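Below is one structure, written out as structure tokens; comments come after it.
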Amino acid sequence: MISIIYMILATAMFFLQDTYFLIGDTAFSLKNPCAAAIVFLALLNIAATVRMGRIILLAHHTAIQMLPCVIPFFFSSVIWVAFGADSSAVVNGIGMIVPQLLSVLVAASTLYLFGAKGIWYCLGAMCAANFIGVLVVIKESGFDAFCREFGTLLITFSKETGPLMERLEVHDLTFAFGPFLIWLLLNQKEVSHPLLCLTVVSVFFLVGLKRIAVPAVILGVLAAFLLRRLPDTAARQTALCAAAGLMIVSFLYIAGIRYGLFAYLEERLQIDTMGRVAMFTNLEPYYDISFTYLGRGTGFERLVDWASGTVYQTPRRDLMQIHNDFLRMYLNIGFLGYWVWIWSYLIVRLGYWFRQGGKNTGCLFFGICVYCFVLYATDNTIYYPYTMIACSLVPMSCRLDELADAALKKRLAQWSRKGDTAL
């Protein structure tokens, strides 16, 4: 019964991203009540079952996965108080962070309900939601028209996208398949019918094809595969050194943008930056590459139309996005905030997964980080809830049942020693 309820809620959550309801003048996506219902379902199950091993382990997993969400909230809170931000800016910023935290809780809830098998329930719900979307399009426009447009999408590598494919181009859902693909490609020996699973997931990944996601998956798999070929200690040390390199590269990328990287690419190398030069030019008055730059607070990007430079007094969701999550994070939480955030995102979490899950889990998590970093450099994925669910759930599911049993035994031993000392 629980599995049926979960699948209904999870499929609805993945399907209803663009369906909204109003509370006052504010629009809310229907996916959020579905996500909250999954968390509530897990809380009810905890009250009935109390699987202490899973509770202990998932509490640690959840805290480490939430860390890169909590740090921007902390720095943004300081900025809001220091600069006297109005309530609409604060609510807007909190409204961007809370869905991130909710996504991690959905991942943890899924794994509490089903253990390591939770990864299949979540992936199944994603596929079901995508399949329903395809069926709706086919019913309205016909199977032949769908096949023609899908074929054109693949042949042109999404340079030509028809109206049917545009309807299925739910970016968040497409990007969310990436971590599952990385996991499947790296763990084929542990998966029943790996070819079938890879085929199904790949098809749904390609239905909403985003060009940048393909090299991101390839680089993520390659990075994890190469690391796995090293001895345990060498793999961990190499991953941490590579992560430190990624931190430096991400900051140099931000600095390069500030000092004309994209203008150079467009003017000298004749590369089409798709309007990014004008957008980054409009961004320049709002940040500096400086130790003293404090940031503008999470959600500030919704106050300016980066296409025109028009400033608004209240946040708006329909403005042009900053197609660069590194720059967006730097803009929002400043120099110090950015370095603390990226340190927590990479070094802290990578060290945790190597210690907690072992070499294979650590390498898998590093592959997912590489995947995300490619996306962050060109897109707006850092606040995508479905992608965050996938990026959290995949490493959290690794060796879950085994580690939960070990965590419970360790805690029981600690309680036993304390009891003996008290006597």
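None of these values were measured; they are calculated from a predicted model. Counting begins at 1 with the first residue of the sequence.
- Minimum heavy-atom separation, A307 to M320: CB-SD, 3.5 Å.
- Looking at heavy atoms from C-beta onward, F175 lies in side-chain contact with I212 at the 4.5 angstrom threshold.
- Side-chain contact between R296 and L303 is absent, with no heavy-atom pair separated by less than 4.5 Å.
- A perpendicular orientation is assigned to the rings of F131 and F204, their planes being inclined by more than 60° (bins at 30° and 60°).
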Report task. Take F14 and C122, measure what side chain to side chain contact (heavy atoms under 4.5 Å, CB included) needs, and give me the verdict at the end. Result -> CA-CA 10 Å; F14 289 121; C122 183; 3.9 Å; yes
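- Put simply, OG on S103 and CE on M388 are 6.5 Å apart, with the number rounded to the nearest 0.5 Å.
- Residues Y264 and Y259 bring no donor and acceptor atom of their side chains to less than 3.5 Å of each other.
- The side-chain heavy atoms of T361 and Q356, taken from C-beta on, include no pair separated by under 4.5 Å.
- Distance CG/D379 to SG/C372: 11.5 Å, rounded to 0.5 Å.
- Inspection of the Y352 and H61 side chains reveals an N or O donor paired with an N or O acceptor under 3.5 Å.
- Taking the six-membered ring for Trp and the full ring otherwise, F205 and F180 have centroids separated by 6.0 Å or more.
- By the 4.0 Å N-to-carboxylate-O rule, D288 lies close enough to R258 to be salt-bridged with it.
- Considering only heavy atoms from C-beta on, N324 comes within 4.5 Å of Y253 through its side chain.
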Query raised in the report: Yes or no on side chain to side chain contact (heavy atoms under 4.5 Å, CB included) for Y371 and L219, after CA distance, side-chain angles and deciding distance?
Result: CA-CA 7 Å; Y371 170 77; L219 287 173; over 6 Å; no
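- With hydrogens and angles ignored, the 3.5 Å screen pairs a side-chain donor or acceptor of R276 with a backbone N or O of T378.
- Side-chain atoms of N380 never come within 3.5 Å of backbone atoms of D325 as a donor-acceptor pair (strictly under, hydrogens ignored).
- Remark: the backbone N or O of V191 is not paired with any side-chain donor or acceptor of H193 at under 3.5 angstrom.
- Residues N360 and C398 have side chains not in contact (no heavy-atom distance under 4.5 Å, counting atoms from C-beta outward).
- Under the salt bridge (charged side-chain N to carboxylate O under 4.0 Å, His left out) criterion, E190 pairs with no residue, sequence neighbours left out.
- Side-chain atoms of R228 do not come within 3.5 Å of backbone N or O of A224 as any donor-acceptor pair.
- Of all heavy-atom pairs between L185 and V221, the closest is CD1-CG2, 3.7 Å.
- The shortest non-hydrogen separation linking Y112 to I55 is CE1-CG1, 3.7 Å.
- A distance-only check finds a donor-acceptor pair linking the side chain of R399 to the backbone of G357 [under 3.5 Å].
- R236 places no side-chain N or O within 3.5 Å of a backbone atom of F354 that could act as its donor or acceptor partner.
- Of the options Y330, F280, F300, Y293, a ring pair (Phe, Tyr, Trp, His ring centres under 6.0 Å) to Y286 is made by F300 and by none of the others.
- Between L102 and A35, the shortest heavy-atom distance links the atoms CD2-CB, 3.7 Å.
- In W120, the CH2 atom is crowded: over 12 heavy atoms of neighbouring residues, nucleotides or ligands sit closer than 6.0 Å.
- Judged by distance alone, the side chain of K210 and the main-chain N or O of L375 form no donor-acceptor pair under 3.5 Å.
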Quick one: side chains of residues 88-96, donor-acceptor pairs under 3.5 Å with protein atoms, not counting sequence neighbours, listed by atom name and distance.
from	atom 1	to	atom 2	distance (Å)
S88	OG	D86	OD1	2.8
N92	OD1	R302	NH1	2.8
N92	ND2	G299	O	2.9

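- With hydrogens and angles disregarded, no donor-acceptor distance shorter than 3.5 Å links the side chain of D232 to the backbone of G358.
- Here the CD1 atom belonging to I5 is positioned 10.0 Å from the CG atom belonging to L113, to the nearest 0.5 angstrom.
- Taking CE of M7 as the start and CD1 of I38 as the end, the distance is 10.0 Å to the nearest 0.5 Å.
- Of all non-hydrogen atoms in C363 and L227, the two that sit nearest each other are SG-CB, 3.5 Å.
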Requested in this report: Determine, stepwise, if the pair F73 / L101 fulfils side chain to side chain contact (heavy atoms under 4.5 Å, CB included).
Outcome: CA-CA 11 Å; F73 175 70; L101 301 176; over 6 Å; no
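- No side-chain donor from either of N332 and T298 sits under 3.5 Å from a side-chain acceptor of the other.
- A donor-acceptor contact shorter than 3.5 Å links the side chain of S397 to the backbone of V394.
- A donor-acceptor contact closer than 3.5 angstrom links the side chains of Y338 and S250.
- Side-chain polar atoms of Y6 and T110 form a donor-acceptor pair below 3.5 angstrom.
- Between L30 and C34 there is no side-chain heavy-atom pair separated by less than 4.5 Å.
- Between R328 and Y383, some side-chain heavy-atom pair lies under the 4.5 Å cut-off.
- Of all heavy-atom pairs between K31 and M13, the closest is CB-O, 3.4 Å.
- To the nearest 0.5 Å, the span separating CD on E284 from CD1 on I257 amounts to 10.5 Å.
- Atoms CD1 and OG, on I71 and S76 in that order, are 11.5 Å from each other to the nearest 0.5 Å.
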Query raised in the report: Yes or no on side chain to side chain contact (heavy atoms under 4.5 Å, CB included) for F150 and V207, after CA distance, side-chain angles and deciding distance?
Result: CA-CA 7 Å; F150 186 42; V207 163; 4.1 Å; yes
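- Between the side chains of N45 and R51, at least one donor-acceptor pair of N or O atoms lies under 3.5 Å.
- Checking side-chain atoms of T387 against main-chain N and O of T381 turns up no donor-acceptor pair under 3.5 Å.
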Requested in this report: Start with the C-alpha distance between F251 and W339, add both sets of side-chain angles, then the distance that settles ring-ring contact (aromatic ring centres under 6.0 Å, His included), and finish with yes or no.
Outcome: CA-CA 9 Å; F251 182 76; W339 280 104; 5.3 Å; yes
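- Looking only at side-chain heavy atoms (C-beta outward), W353 and I64 come within less than 4.5 Å of each other.
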